[in-house]
Amino acid sequence: MSAKTWLSLVAVSFSMLIGLAWCQDGACLQGGKHKATPSPEPYLQECTLYSDNACCSEQEAQEIAATPASRVDDIYWDRCGPLSASCEGFLKRVACFYQCSPDAARWPHPHRPAALQGVPLCQSFCQDWFEACREDLTCARNWVSDWEWSPQGNNCTGKCVPYQQMYKDGRELCESMWEDSFRMVEEGEPTEEASCGCLTLSPSDQEVVGALRAQEGNPDELDTTKSGVPLYPAPCRRPVRPPQARGSKRNTLLHKRSIFVEDVEGSGSGF
């Protein structure tokens, strides 16, 4: 057997092992609308990326599957009118990750167990999301706190403007829309050892999370110089940037109100 063939077999075997671990491993965020533990959901209409081992039920995924999606996770997306199909598609990918991915629990919020903090999203994903929503309208920069809450749900506190006016680029969109749930990582961003891995909320994420598992279990497993097998880098642990200060007492009250909705009234809005 040639060295090239052997390396190819090793790469295929490694990918199969990662795929198996992806299907059988993982946990769920605690609280909210998440299941206690992940399990197969073969009949999901949306979020099918996670159907082998999902933290959401088929019922919970149905509201994400609706087109146009007007109300997801107890927040109305269409307060400024229906979203374009491309923009809606990105919001659905984010909602699917939060609701259904068993790996979302790797980035729990330290103060809100049903929420996320610091999930590393790739720069390319953030920029594509920004471009997809550029012309769509929104009235809230931070979808966790910048709403007026009523029995009818979230309502605008400002005028509707295009996404490209609310956010200057993909980084601002990723790191502001859901407060500190996500951070943008530049592909190839240097570290002491290697580049930082990041997620695109697509099938390739299983390779990134697989590398993270390997790093946690045995850092030497990430040394590819011996085998020559290229692996995705694991995400780097980095401090989360605090949300941009708004300087408004009103927004502080709104933030408290949004947490009250989550914790007391059973809202699943845990981003």
Side-chain angles (χ1 to χ4, degrees), residues 28-29 32-35 38-104 114 116 119 121-122 124-144 146-147 149-150 152-156 160-167 170 173-174 176-178 181-182 199-205 258 261-262 266-271:
C28 295
L29 288 169
K33 297 181 179 179
H34 301 95
K35 296 193 300 190
S39 60
E41 292 287 348
Y43 302 110
L44 295 181
Q45 299 178 41
E46 192 73 45
C47 311
T48 55
L49 178 62
Y50 312 106
S51 60
D52 288 340
N53 199 36
C55 287
C56 62
S57 66
E58 181 182 357
Q59 180 180 0
E60 296 301 336
Q62 283 179 350
E63 64 181 15
I64 304 176
T67 299
S70 60
R71 179 177 180 271
V72 175
D73 202 25
D74 294 329
I75 289 183
Y76 288 90
W77 290 2
D78 61 351
R79 287 314 194 197
C80 291
L83 297 171
S84 65
S86 59
C87 183
E88 180 184 281
F90 273 87
L91 286 174
K92 284 186 174 184
R93 286 168 68 179
V94 172
C96 283
F97 175 80
Y98 168 66
Q99 287 282 17
C100 302
S101 173
D103 287 304
L116 300 169
V119 178
L121 296 180
C122 294
S124 58
F125 175 86
C126 293
Q127 195 56 36
D128 288 346
W129 183 6
F130 177 77
E131 293 298 331
C133 296
R134 176 185 290 271
E135 304 295 335
D136 288 86
L137 300 178
T138 183
C139 61
R141 177 182 178 83
N142 183 331
W143 282 31
V144 174
D146 294 351
W147 299 106
W149 291 93
S150 72
Q152 289 72 43
N154 54 302
N155 298 289
C156 294
C160 295
V161 298
Y163 272 67
Q164 62 182 338
Q165 182 175 333
M166 185 67 74
Y167 312 101
L173 173 58
C174 276
S176 301
M177 186 172 185
W178 293 112
S181 298
F182 303 103
L199 306 181
T200 57
L201 311 189
S202 66
S204 65
D205 288 354
S258 69
V261 169
E262 175 194 345
S267 169
S269 306
F271 281 99

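- With sequence neighbours excluded, the residues forming a side-chain hydrogen bond (donor to acceptor under 3.5 Å, both in side chains) with Arg71 are Asp74, listed by chain and number.
- In this structure Thr48 satisfies the side-chain hydrogen bond (donor to acceptor under 3.5 Å, both in side chains) test with no other residue, sequence neighbours excluded.
- The OH atom of Tyr43 sits 15.0 Å away from atom OG of Ser57, with the distance rounded to the nearest 0.5 Å.
- Side-chain atoms of Cys55 and Gln99, non-hydrogen and from C-beta on, never get closer than 4.5 Å to each other.
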side-chain contact (heavy atoms from CB on, under 4.5 Å) between Met177 and Tyr167, worked out: CA-CA 9 Å; Met177 186 172 185; Tyr167 312 101; 3.8 Å; yes

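- Using a cutoff of 4.0 Å between basic side-chain nitrogens and carboxylate oxygens, Glu63 and Lys92 are not scored as salt-bridged.
- Shown are Pro102, Cys28, Cys100; of these, the side-chain contact (heavy atoms from CB on, under 4.5 Å) with Asn53 is made only by Pro102.
- Between Cys96 and Cys56, the two SG sulfurs stay at or beyond 2.5 Å from each other.
- Checked against side-chain hydrogen bond (donor to acceptor under 3.5 Å, both in side chains), Glu46 has no partners two or more places apart in sequence or in another chain.
- Applying the side-chain hydrogen bond (donor to acceptor under 3.5 Å, both in side chains) criterion to Gln59, with sequence neighbours excluded, gives no partner residue.
- Atom-to-atom distance recorded for Trp77:CH2 and Ser70:OG is 9.5 Å, nearest 0.5 angstrom.
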Chi angles and distances behind the side-chain contact (heavy atoms from CB on, under 4.5 Å) call for Phe182, Leu116: CA-CA 8 Å; Phe182 303 103; Leu116 300 169; 4.1 Å; yes

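- Leu201 pairs by the side-chain contact (heavy atoms from CB on, under 4.5 Å) definition with Arg93, Val94, Phe97, Leu121, Phe125, Leu199, Asp205, not counting sequence neighbours.
- When the SG-SG distance for Cys80 and Cys160 is compared with the 2.5 Å cut-off, it comes out below that value.
- Distance check, rounded to the nearest 0.5 Å: CE of Met166 to CG of Leu173 gives 11.0 Å.
- Contact annotation: the side chain of Asn155 never approaches that of Trp147 to less than 4.5 Å [non-hydrogen atoms, C-beta and beyond].
- Put simply, the side chain of Tyr98 reaches to within 4.5 Å of the side chain of His34, judged on heavy atoms.
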Quiz: residues 127-138 side-chain donor-acceptor pairs under 3.5 angstrom, not counting sequence neighbours:
residue, atom, partner, partner atom, Å
Gln127, OE1, Gly170, N, 3.3
Gln127, NE2, Glu131, OE2, 3.3
Glu131, OE1, Arg134, NE, 3.2
Glu131, OE1, Arg134, NH2, 3.3
Glu131, OE2, Arg134, NH2, 2.8
Arg134, NH1, Gln164, OE1, 2.9
Glu135, OE2, Gln164, NE2, 3.4
Asp136, OD1, Ser84, OG, 2.8
Asp136, OD2, Ser84, N, 2.6
Asp136, OD2, Ser84, OG, 3.3
Thr138, OG1, Ala140, N, 3.4
Thr138, OG1, Ala140, O, 3.3
Thr138, OG1, Trp143, NE1, 3.3

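- Heavy-atom minimum distance, Val72 versus Ala69: CG2-CB, 4.0 Å.
- The distance from the CD1 atom of Ile64 to the CG atom of Asp73 is 7.5 Å, given to the nearest 0.5 Å.
- Contact detail for Ala61 and Leu44: the closest heavy-atom pair is CB-CD2, 3.8 Å.
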